[in-house]
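All figures in this text were calculated on a predicted structure; none of them were measured in a lab. Residue numbers run from 1 in the order of the sequence given.
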Amino acid sequence: MRRLLILCFLSLGLVNVMAQKEKVKNQPYADNKLFHLGFHVGLHAQDLILTNTGVTNNGEVWFAEIPNYSPGFSVGVIGDMFLNSYLNLRFTPTVHFGDKKFVFREHNTGEEFTTTVRSNYLTFPLDLKYSAFRLNNYRPYMIGGVYGGLDLGRKKGNPLLLKGADVGLEVGLGCDIYLPFFKLCPEIKFCFGLVNLLEKNRGDLTDPDMLKYTDALSKATSRMVVLTFNFE
């Protein structure tokens with residue numbers, strides 16, 4: 001039994017050594033380029049943090065929520081500048097095609113009203129990428145920075161209208177996978193808007209009764225989760 005245990009420990013040690021054995025690296029100098037370009041595609045989910053006011057002008061008590069998320073499509077380009085062995089500056093203009101479904105519920109009667117707001121955001125993130133030590137053909141990293149965004153899908157006359165510009169912070173994680181001819185980098189980012197996007201001046205509404213849905217809210221700030229696959 002003792003010999004069997006010793007043999008097992010030796011086998012595990014041998015497997016561990018073999019697992020850490022240096023392999024042939026694909027694109028060994030890819031990270032040393034001063035500038036390089038790429039593109040990314042992926043999915044995202046849009047959200048808003050809503051602050052309800054409660055009572056509207058006509059005395060009704062309406063509350064709003066976004067009960068579920070609809071996946072949207074994201075596509076963009078990547079511009080990367082080498083700073084040092086562990087830091088890169090990245091500019092990644094991206095278009096996010098998606099929407100948000102709102103459900104309004106009147107507190108006293110239980111009446112519900114549902115509306116969808118389509119938002120196609122063109123964002124301009126500027127991030128710092130901090131990469132860990134490269135292990136064979138894998139290199140995990142963290143990323144974070146600021147972004148500005150424009151809503152290209154605004155449509156006046158809807159029960160809710162969001163402002164056309166946003167500013168926020170973003171953080172994320174990813175991993176560079178070095179393939180023979182390019183890098184594939186799965187990446188997830190979390191975006192936090194800093195601007196109140198709720199448009200309160202609703203001169204575009206022709207039906208005054210629709211104002212109660214805008215009046216039911218005092219604030220709406222954006223949130224977004226983005227999963228992309230970068231090709232560099």
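Here the side chain of Thr53 pairs a donor or acceptor atom with the backbone of Ala216 at under 3.5 angstrom.
For Arg154, the side chain to side chain donor-acceptor pair (under 3.5 Å) criterion is met by no residue, not counting sequence neighbours. Not counting sequence neighbours, the partners of Thr109 by the side-chain contact (heavy atoms from CB on, under 4.5 Å) test are Glu106, Glu111. Pro67 pairs by the side-chain contact (heavy atoms from CB on, under 4.5 Å) definition with Glu65, Val103, not counting sequence neighbours. Looking at residues two or more places apart in sequence or on another chain, you find a side-chain contact (heavy atoms from CB on, under 4.5 Å) between Tyr69 and Ala45, Asp47, Ile66. Tyr86 meets the ring-ring contact (aromatic ring centres under 6.0 Å, His included) test with no other residue; sequence neighbours excluded. Residues meeting the ring-ring contact (aromatic ring centres under 6.0 Å, His included) test with Phe82, sequence neighbours left out: none. Take Asp204 and apply the side chain to side chain donor-acceptor pair (under 3.5 Å) test, not counting sequence neighbours, and it matches Arg202. Listed by chain and number, the residues in a ring-ring contact (aromatic ring centres under 6.0 Å, His included) with His44 are His96 (sequence neighbours excluded). Evaluation of the side-chain contact (heavy atoms from CB on, under 4.5 Å) rule for Asn201 yields Glu199 as partners, not counting sequence neighbours.
For the pair Pro186 and Ile177, the minimum side-chain heavy-atom distance is below 4.5 Å. Side chains of Phe35 and Met81 form a contact here, defined as non-hydrogen atoms less than 4.5 Å apart. Side-chain atoms of Leu205 and Leu211, non-hydrogen and from C-beta on, do get closer than 4.5 Å to each other. Looking at Glu60 and Asn108, their side chains never come closer than 4.5 Å, going by heavy atoms from C-beta outward. Side-chain contact check for Val75 versus Thr94: every heavy-atom pair is 4.5 Å or farther apart. At a threshold of 4.5 Å between non-hydrogen side-chain atoms, the residues Leu128 and Leu89 count as touching. Residues Thr115 and Phe104 are in side-chain contact: their nearest non-hydrogen atoms beyond the backbone lie under 4.5 Å apart. Side-chain atoms of Cys185 and Phe231, non-hydrogen and from C-beta on, never get closer than 4.5 Å to each other.
Under the side chain to side chain donor-acceptor pair (under 3.5 Å) criterion, the residue pairs touching residues 157-183 are Asp31-Tyr178, Asp31-Lys183, Lys129-Asp176, Asp166-Ser222, Glu170-Lys189, with sequence neighbours excluded. For the ring-ring contact (aromatic ring centres under 6.0 Å, His included) condition, no pair includes a residue of residues 117-146, sequence neighbours left out. The salt bridge (charged side-chain N to carboxylate O under 4.0 Å, His left out) pairs that include a residue from residues 90-99 are Asp80-Arg90, Arg90-Glu232, Asp99-Arg118, where partners are two or more places apart or lie in different chains.
Checking Leu198, Leu160, Thr221, Leu162 one by one against Leu48, the side chain to side chain contact (heavy atoms under 4.5 Å, CB included) holds for a single residue, Leu162. Between Ile188 and the choices Val226, Thr228, Val225, Ile143, the side chain to side chain contact (heavy atoms under 4.5 Å, CB included) rule is met once, by Val225.
Using modelled atom types and a 3.5 Å distance limit, the side chains of Lys100 and Ser119 yield a donor-acceptor pair. For the residue pair Thr92 / His40, no side-chain donor-acceptor distance below 3.5 Å is found, with atom types taken as modelled.
Classified by interplanar angle (parallel below 30°, tilted 30° to 60°, perpendicular above 60°), the ring pair Phe97/Phe73 is parallel.
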